[in-house]
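Chain naming here is simple, since letters A, B, ... match the order of the sequence lines and numbering starts at 1 in each. What you are looking at is a predicted structure, and each value in this text was computed from that prediction instead of being measured.
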Amino acid sequence: MSVSEIPHENRQNGGEKRYLKANHEQVSVFFEYPNNTIKTSKYNAFNFLPLNLFEQFQRLANAYFLILLFLQLIPQISSLPWYTTVIPLVVVLSITGVKDAIDDMKRHQNDNQVNNRSVLRLVKGRMEEDKWMNVQVGDIIKLENDQPVTADMLLLSSSEPYSLAYVETADLDGETNLKVKQAITCTSDMKDNLDLLSAFDGEVTCELPNNKLHRFTGILSYKGKDYFLDHDKLLLRGCVIRNTDWCYGLVIYTGPDTKLMQNSGKYTFKQTHVDRLMNILVLWIFLFLIVMCLMLAIGHGIWENKIGYYFQIFLPWENYVSSSFVSSLFIFWSYFIVLNTMVPISLYVSVELIRLGNSYYINWDQKMFYAPKNTPAQARTTTLNEELGQVKYVFSDKTGTLTQNIMIFHKCSINGTLYGDVIDKTGEKVAVSEKDKIDFAYNKLADPKFSFYDKTLVEAVTKGDPWVHLFFLSLSLCHTVMSEEKVEGELVYQAQSPDEGALVTAARNFGFVFRSRTSETITVVEMGETRVYQLLAILDFNNVRKRMSVIVRTPENRVMLFCKGADTIICELLHPACISLCDVTLEHLDDFASEGLRTLMVAYRELDNKFFRTWSVKHGEACLSLDNREKKLSIVYEEVEKDLMLLGATAIEDKLQDGVPETVMTLSKAKIKIWVLTGDKQETAVNIAYSCNIFEDEMDEVFTVKGKDSETVRQELRKARSKMKPDSLLDSDPVNIFLAKKHKALFTMPEEAHALEGDVELELLRVACMCKGVICCRMTPLQKAQVVELVKRYKKVVTLAIGDGANDVSMIKAAHIGVGISGQEGMQAMLNSDFAFSQFYYLQRLILVHGRWSYNRMCKFLSYFFYKNFAFTLVHFWYAFFNGFSAQTVYDNWFITCYNLIYTSLPVLGMSLFDQDVNDTWSLCFPELYEPGQLNLYFNKKEFMKCLIHGIYSSLVLFFIPMGAVYNSERSDGKEISDYQSFSLIVQTSLIWVVTTQIALKITYWTVISHFFIWGSLGIYFCLLFLLYSDGLCQMFPNVFQFPGVARNTLNQPQMWLSIVLIVVLCMLPVIGYQFLKPLFWPVSVDKILKRIHYCMKHPLPPPIRPRRRRPGLRRSAYAFSHQHGFGALITSGKTVKSKALKKNSFPAKK
Amino acid sequence: MERRSRLQLSRLPDITAMKQQQLPAYQLHFSATMVFSIFFASGVFCLFMGIFLILSAKSIQKVEINYTKTCGNCAKLREDAFNHNKICTCSIPFVLAKSMEGNVFMYYKLYGFYQNLYRYILSRSNSQLLSKDLKAVEDCAPFKVSHKEIPFAPCGAIANSMFNDTIILSYNLNSSIHIQVPMLKTGITWWTDKYVKFKNPGANNLTDKFAGTTKPPYWPKPIYELDPDDPENNGFLNDDFIVWMRTAAFPTFKKLYRRLHRIHYFIEGLPAGNYSFNITYNFPVTKFQGEKSVVLSTLTWSGGSSLFLGLAYTVTGAMTWLASFAMLAIHFMLKQRKASTSKWQSKALKGQSRK
């Protein structure tokens, strides 16, 4: 088809609908669909310079200096030569530019790597390997098992029966279970016949690219017929093909149009609190600067009026100056230039360098390296470090973050006997060790990864205990797991919930191997003997029933019902005969629950044929009924699920990640609140909350809020609040009340999310913040983000979200700091995170060690940096009173140029990269040390004012002491010392000494490098001094280097050194005194701890504080099921069951 | 095997002290004893230093005579620029009660003369003063060229405003014998100024060398006639000129004018007796409310320093001592309170346990 044949209306509607035709490139070219290239990089070689400069000048400080530069070029007001601004500005811009360029190069590399992956593409009747980026809309592509999907495409055909294709969508939505996609019949008939496929000319009209993952509508017109397309037929980029040998697809959206890219959105730039504070402070400084300039301009006006006017005999006014008023107008701008160093030019770039350095420490930290997976921690965003030291709220995902999402069959109770504990001869429980693991060698089909330690259970199985056999048989039959046997004897189970997988695996290892299933049969290898059970019905699980059953016909033609479910439910369905057994089992269940295990009861019932037949008829009717089908089915189910005989109970351990309880305890000691936001259901969430110490037994009570509409939610919230603090029911109550009471709250988010609406959300926040532990269940990804936003908006604290799955992405992006666990659930969370590592317990190191250090360093850096610039600049202000407010600087121009860049940059960088008040061990030992960061004690507006006052004081000393020393004074040989050049040398040398000793006082951790930087800087100062003031340079450029000989004529004078010593004493003693008196007068809790640490450092180490692991005493049962509907319907419909015969037919080409 | 495990841990971060932030370090922590010893030590140091400085400053002998008002008639004359040809002299007698021993230096001191104005300081041409280019006067505004467009040498406001009074000190043995005290007019500049920063266009025949330039407007004579007797002290190399060109940091300043030539009567310094300054009054100061004095002074090791440094040290030392006593008191008070509260607490605890 040529382009001209494109239906007219489609040309017209090009803006509202997407039109494409298979195997017709021209269409794609005509509509200018993008190819499959993705681009996350920002610059290319040509636009880098202009674009990057443009971005950099959008920053307040850089723009300010650019304006300043232009001001300096105006001769009438220029009071400093141009190079004093240009040199620092160029250095700053180029450092940032280089950093941006390196970042962008990395993105280019990533893009290239993805764009150059190869894929099989149908070209002229043959499959050709091509790069991803060359894929066009309308291409037909072949994907093979375990390949990632190249672009969003319509499934045409696959190797599997019914043209099904299985995909894993972990990267898209975080769900690990497989999803089924099915091709429409008219295309699935083509199978992998390349001739048919290349002749395929279906036309697709569909919606424009959008970011809705679960929506797609389109129409396929093929051979004159229209077929309706929905998202079940669409393979999305980002998915991975699983369990499907091959499949063909028609590309619909490419590159930036794919749902994945549409969803990724623009990266939201995260700014730290310190960033915002810095911007405010820069504004303050700016205002302060203007006030100063105004004062000086007024002073100048008065001076010119009183003295300057008469001094015109020696210095006539410029001809454009007609009065002292005009002169002071010019002087305003001149002082604006002179005092520009108040706004520190290198502030932003230094802050960035420091953050970069501190991020590298995270990458380098060997204690955050996870050897089993060979993954180091990764600071993906290098601009948030100090915020890690201020975290107040941690929002954690549950599955995969707190837990490993690995279920382990831990214990069981069969017919009143408890199995699972290893008991020694005296009857005491023994801690298990790896070597006690039971060897399942007798069972060829056993899963080698399975471990169990109680030998008595194996003995019972091998002895042939009928109850034990029946128990395991029921486990191997009653489930919806699917098996796959690629290699003979190597079974792979595909379970919808990991709990079920664990149970079936346990049965498998104990000799009841679930081998395969069809829609009508289940094949089980029972102690080596293969038996086929006829599957008569699956009574599927749902949230109300909390149980599932299967009805099978045994090879002996007995009809059996096997049921497993929550204990509370099963107990009521038991036959009265097993009441005593039930009591024993319940006791065991209590034991299990107290260990935090997830429990299920297993029961069976033998049905007589006649009863089953009548029931089966009813069941069939209920299945076919159109309205109220669910309800009718459950009534039918209840008829058969009664008079059950109890077999026993299982206990599954939802394995926590390593060190989770300890970490949670450490973090809560650091006054960090941990909220668990999970999509899981309430029971499991509570269970996990107890086992990882988020809920503790000492806590008073649990408030559960699970209203379905906003009114009941409000009632529940109010009730909870009145219980905690009766007098706080006023609406005007501030949100920030904090109660130390130990409550715990539990919010189950109903699907409509009423708790997150309008004024209820405030209520929710109030209650939640009063509680010690908070868990939110049944959260959608969006709700997770909403909760984070809620806290962020009203509490003004730093929030951190940690998660591992794609469902956590929204919350990771919403929080101030997003941490991704690079775990099992795909990469999406990690890719959107700011920090990534592979174990939850690294969080404490990230926050308490790296975060705290970064915060402390950043605060020290900022307060010092502002101080040093104030001390430096304000001297000009004092000098103004003695030079007729004429904008004469105190220092040599070269000193002004080099001060921030060379003389004082290295020591402060060294401090903010190496300083640590206490080492990592102490930081972790005393999490209380973290508190100042949360309260932002070390650098805030008050601290800034202190810096300002300190700077003013220092500048006063720095100006008046040298002034007094040289005023009307002369050298011991009678010659000049009170000249301007000597004076400026004395002041600038004193300044260097003062700021250097000041930083020496600030540094608490003197490494070799600190020594090198500090003494090196002083050395560099003196070397440069002699160089810049040397005879040679002066004679070459007499107008640029105007200070020849000042260094050697002045540096050997007693006045010089006497004033330096006095200045240093006067500047340092108050600081030392203040540091000493501050903890005495205004004690902060941290001071005490620091004192204790200093005491401990001198004396032997205290025994390390081991967190007690408490055993929860209350009974908390949980049932092990996923909260979705089971696979039951799918299994019985037969769709997913692979039939071997069919499969063989589907490979005609291989023969 | 080992190789394999290394391969597996390919991304293991380097275990260096630097990367693991475990560099060996000295932890600086100020304990109470350290703080007090720092305070007391610096207090002692400052006090001693201060007293020592005051004593040495006191040993200096100084005579300062303000002749703005004394020579009031001359001052008035100079206020009118048309009188620049008229010579006005003024003699100021004074008595030296005690002899000034050692080297004696004579300074002129100006009050309220702003040598540190931004435009003033800039108004000079260093390349001209180095004789690199005598016509380089771009930086010399507002005294670049004469109204005939001839560049000034030296150009600029600093040079133009050079101090041009002549002061002669005479020793009056009695009412009739007045001996002119021998004074040296060289050796009063920094070595670097005289030999690095300033250069004449040539060694001799300065008149020719300075051809094409003209004298600054306020100067009575051109640069090459500053000291015709001594070619080493003429032109740009004139010591008085160089001293003037080193601009002062503050509006009140003292500049070295002459130093005593210690011969004959004056081998020990200036003997006690009657003296008089004979001043040729040229330099106008009253117009901008300035004043001028002449100063005779001896020096010590720390130069002609005023009392300021000594006083500042003494005050600092005293304050430091006061502060450290106050801090000590606070420290002990708090310690005692703490001890008593903890004692009380432990007592209370004991009492409870007894019950």
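With a 4.5 angstrom heavy-atom cutoff, A:Ala377 does not touch chain B via any of its atoms. Both the backbone and the side chain of B:Leu23 come within contact range of chain A, with heavy atoms under 4.5 Å apart. Within the 4.5 angstrom heavy-atom criterion, only side-chain atoms of A:Phe983, from C-beta onward, approach chain B. Proximity to chain A (any heavy atom under 4.5 Å) is restricted, for B:Ile121, to the side chain, taken from C-beta onward. Residue A:Phe914 touches chain B through its side chain alone, counting heavy-atom pairs closer than 4.5 Å. Proximity to chain B is limited to the backbone of A:Phe960, based on heavy atoms less than 4.5 angstrom apart. In this structure, chain B has no heavy atom under 4.5 Å from any part of A:Ser1030. Looking at B:Tyr257, neither its backbone nor its side chain comes within 4.5 Å of chain A, counting heavy atoms on both sides. Interface residue B:Met49: only side-chain heavy atoms are found under 4.5 Å from chain A. With a 4.5 Å cut-off on non-hydrogen atoms, A:Val1061 touches chain B through its backbone and its side chain both. For B:Ile188, the part lying under 4.5 angstrom from a heavy atom of chain A is the backbone only. Of the atoms belonging to A:Met963, heavy atoms from both backbone and side chain fall under 4.5 Å from chain B. Within the 4.5 angstrom heavy-atom criterion, only backbone atoms of A:Asp917 (N, CA, C, O) approach chain B. Contact annotation for B:Tyr107: only side-chain heavy atoms (C-beta onward) come within less than 4.5 Å of a heavy atom of chain A. Using a 4.5 Å cut-off between heavy atoms, A:Gln1042 contacts chain B through both its backbone and its side chain. Interface residue B:Gln27: backbone and side-chain heavy atoms are both found under 4.5 Å from chain A. Contact of A:Pro1054 with chain B is made through the side chain alone, with heavy-atom distances under 4.5 Å. For a residue to count as touching a neighbouring chain, one of its non-hydrogen atoms must lie under 4.5 Å from one of that chain's; by this rule A:Lys306 touches chain B with the backbone only. With a 4.5 angstrom heavy-atom cutoff, B:Phe105 touches chain A only via side-chain atoms. Contacts between A:Leu1077 and chain B at a heavy-atom distance below 4.5 Å involve the side chain alone, from C-beta outward. With a 4.5 Å cut-off on non-hydrogen atoms, B:Lys197 touches chain A through its side chain but not through its backbone. Residue A:Leu1090 does not touch chain B at all, counting heavy-atom pairs closer than 4.5 Å. Residue A:Ser334: no heavy atom, backbone or side chain, is found under 4.5 Å from chain B. Of the atoms belonging to B:Gln115, not a single heavy atom falls under 4.5 Å from chain A.
Your options are A:Ser984, A:Ser982, A:Pro1044, and the one with the most heavy-atom pairs under 4.5 Å with chain B is A:Pro1044. When each of B:Asp14, B:Asn103, B:Asn160, B:Ile330 is checked for heavy-atom pairs under 4.5 Å with chain A, B:Ile330 comes out on top. With chain B as partner, the option from A:Gln1075, A:Glu318, A:Gln1053 having the largest number of non-hydrogen pairs under 4.5 angstrom is A:Glu318. Contact count versus chain A (heavy atoms, under 4.5 Å) is highest, among B:Thr320, B:Thr252, B:Leu311, B:Asp193, for B:Thr252. For the set A:Gly1045, A:Pro1038, A:Ala887, the entry with the most heavy-atom pairs within less than 4.5 Å of chain B is A:Pro1038. Here B:Lys19 is the residue among B:Lys132, B:Met319, B:Lys19, B:Lys255 with the most heavy-atom pairs under 4.5 Å with chain A. In terms of heavy-atom pairs under 4.5 Å with chain B, the best-connected choice from A:Tyr361, A:Phe885, A:Tyr370 is A:Tyr361. Options B:Thr298, B:Thr189, B:Val243 differ in how many heavy-atom pairs under 4.5 Å they form with chain A, and the most are formed by B:Thr189. Heavy-atom pairs under 4.5 Å with chain A peak, among B:Trp191, B:Tyr218, B:Tyr195, B:Phe253, at B:Tyr218. Comparing A:Asp365, A:Ile307, A:Leu1080, A:Leu1058 by heavy-atom pairs within less than 4.5 Å of chain B, the highest count is held by A:Leu1058. Each of A:Cys1034, A:Pro372, A:Gly1073 has some count of heavy-atom pairs under 4.5 Å with chain B, and the biggest count is that of A:Gly1073. The greatest number of non-hydrogen atom pairs below 4.5 Å with chain A, out of B:Ala17, B:Ala248, B:Ser161, is found for B:Ala248.
Annotation: the span from A:Thr1007 atom OG1 to B:Gln21 atom CD amounts to 11.0 Å, rounded to 0.5 Å. The OH atom of A:Tyr980 lies 8.0 Å from the OG1 atom of B:Thr247; values are rounded to the nearest 0.5 Å. Going from atom OG of A:Ser886 over to atom OH of B:Tyr114 covers 9.5 Å, rounded to the nearest 0.5 Å. With rounding to the nearest 0.5 angstrom, the CZ atom of B:Phe250 is 13.5 Å from the CZ atom of A:Phe881. With rounding to the nearest 0.5 angstrom, the CG atom of A:Asn1049 is 7.0 Å from the CZ atom of B:Arg246. Of the inter-residue distances, the one linking B:Thr316 atom OG1 with A:Ile961 atom CD1 reads 6.0 Å to the nearest 0.5 angstrom.
Within the 4.5 Å cutoff, side-chain heavy atoms of A:Ile1072 are placed close to those of B:Phe39. Looking only at side-chain heavy atoms (C-beta outward), A:Val1065 and B:Tyr313 stay at 4.5 Å or farther from each other. In this structure the side chain of B:Tyr118 never reaches within 4.5 angstrom of the side chain of A:Val338, judged on heavy atoms. Counting only heavy atoms from C-beta outward, the side chains of A:Thr1050 and B:Trp190 approach each other to under 4.5 Å.
In terms of heavy atoms, A:Lys367 sits closest to B:Gln20 at N-OE1, 4.4 Å. Annotation for B:Leu299 and A:Asp973: closest pair CD1-C, 3.9 Å, computed over non-hydrogen atoms. Among all heavy-atom pairs drawn from A:Phe882 and B:Asn116, the shortest one is O-ND2, 3.1 Å. Shortest non-hydrogen contact noted between B:Val196 and A:Gln1035 is O-NE2, 3.4 Å. Across every non-hydrogen atom of B:Met327 and A:Phe1076, the tightest pair is CE-CD2, 3.6 Å. Closest approach of B:Pro142 and A:Leu315 over heavy atoms only: CD-CD1, 4.1 Å.
Of the residues A:Phe311, A:Tyr309, A:Trp303, A:Tyr310, the one that meets the ring pair (Phe, Tyr, Trp, His ring centres under 6.0 Å) test with B:Phe288 is A:Phe311.
Aromatic pair A:Phe314/B:Phe283: ring centres closer than 6.0 Å.
Side-chain atoms of B:Ser127 and A:Asn1039 form a donor-acceptor pair, as typed in the model, at a separation below 3.5 Å.
Atom CZ of A:Phe1012 has 12 or fewer neighbouring heavy atoms from other residues, nucleotides or ligands inside a 6.0 Å radius.
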CA sep, side-chain torsions, deciding dist, call: B:Thr192, A:Val1046, side chain to side chain contact (heavy atoms under 4.5 Å, CB included): CA-CA 8 Å; B:Thr192 45; A:Val1046 180; over 6 Å; no

